[in-house]
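Letters A, B, ... are given to chains in the order of the sequence lines, protein chains preceding strands, and every chain is numbered from 1. Quick caveat: nothing in here was measured; it's all calculated off a predicted structure.
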Amino acid sequence: MLIQTIKLHEILIEEINGVYEATEKNHEVCPAMLTNYAIEQGHRQGLIKSSLVSDLFALYGSYKDHGGNMAQAESGAIRDIPEGMVSEMGSLLDETKMTAVIYMGCIGANKAFKYSYDEFLERYHADVSEKMQTYVNLISGLSVNDKNAFAAEFRNKTQDSKSKKK
Amino acid sequence: MIDKYSYYVLFLGLGEEFFWHAPLIEVEKAVDNKVAMDSWSANPKTR
């Protein structure tokens, strides 16, 4: 299932024994998945401007070039991003867009997500590789690549009856 | 999005709630199934 777990927390600067230290507070976890509502909200709020599908194709291309397991990718989940791909995707995608898509994922899984984009930015502190993994998993759900046995069987039956007619 | 909405909801008859709030992969699978079933049932041999 392509529901991702997003960890949020605030970082507060506090004076402890005369020294300023960053402390993590208010940890929380929220689910994230892309829905049509989330994508529409993303466009309306100006978070994304381009199509995510083009990113998905670039992602699959890059994953294949780096010897990624395409069977895994086609089932909608890329588990381990190859090292070289991280740097290549880093030049194709900017961190801001990945963060925006992850925020959209939170809206998708929580219709009434309580944080605005700015509030979310204050609480989401994942590193780039974690962001990329989450982003990749989220947009993998944009296309149906795994074997849809139900539809495939109908297609086979339709093909069979067409060929019998000839 | 309006084109996708028109095709999926108005033309193919997908439920609004499902279209907007189901995971995208589920929506795409449902559409895939619907198109396959429609093609099958529109085939003169299956009537």
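- Contacts of B:Lys34 with chain A are absent, with no heavy-atom separation under 4.5 Å from either backbone or side chain.
- Below 4.5 Å, heavy atoms of chain A meet heavy atoms from B:Glu17, all part of residues 6-17 of chain B.
- Residues A:Ile39 and B:Leu24 approach most closely at CD1-CD1, 3.5 Å, considering heavy atoms.
- Counting heavy atoms from C-beta outward, A:Lys111 and B:Trp20 have side chains that stay 4.5 Å or more apart.
- The two residues A:Asn36 and B:Phe19 make their nearest non-hydrogen contact at ND2-O, 2.9 Å.
- The two residues A:Ala151 and B:Ala36 have their closest heavy-atom pair at O-CB, 3.6 Å.
- Enclosure of atom NZ in B:Lys4 by more than 12 non-hydrogen atoms of other residues, nucleotides or ligands within 6.0 angstrom is indicated.
- Hydrophobic clustering (side-chain heavy atoms under 4.5 Å, transitive across Ile, Leu, Val, Met, Phe, Trp, Tyr) groups B:Val35 together with B:Tyr5.
- Aromatic ring pairs are classed by plane angle as parallel below 30°, tilted from 30° to 60° and perpendicular above 60°; the pair B:Trp40 and A:Phe154 is perpendicular.
- Taking hydrophobic clusters as Ile, Leu, Val, Met, Phe, Trp and Tyr residues chained together by side-chain heavy-atom distances below 4.5 Å, A:Val101 shares a cluster with B:Met1.
- Atom CE of B:Met37 and atom CD of A:Glu153 lie 13.5 Å apart (nearest 0.5 Å).
- There is a path of hydrophobic side-chain contacts, each under 4.5 Å, that joins A:Met132 to A:Leu121.
- Under the 4.5 angstrom side-chain criterion for Ile, Leu, Val, Met, Phe, Trp and Tyr, the cluster partners of A:Tyr20 are A:Ile13.
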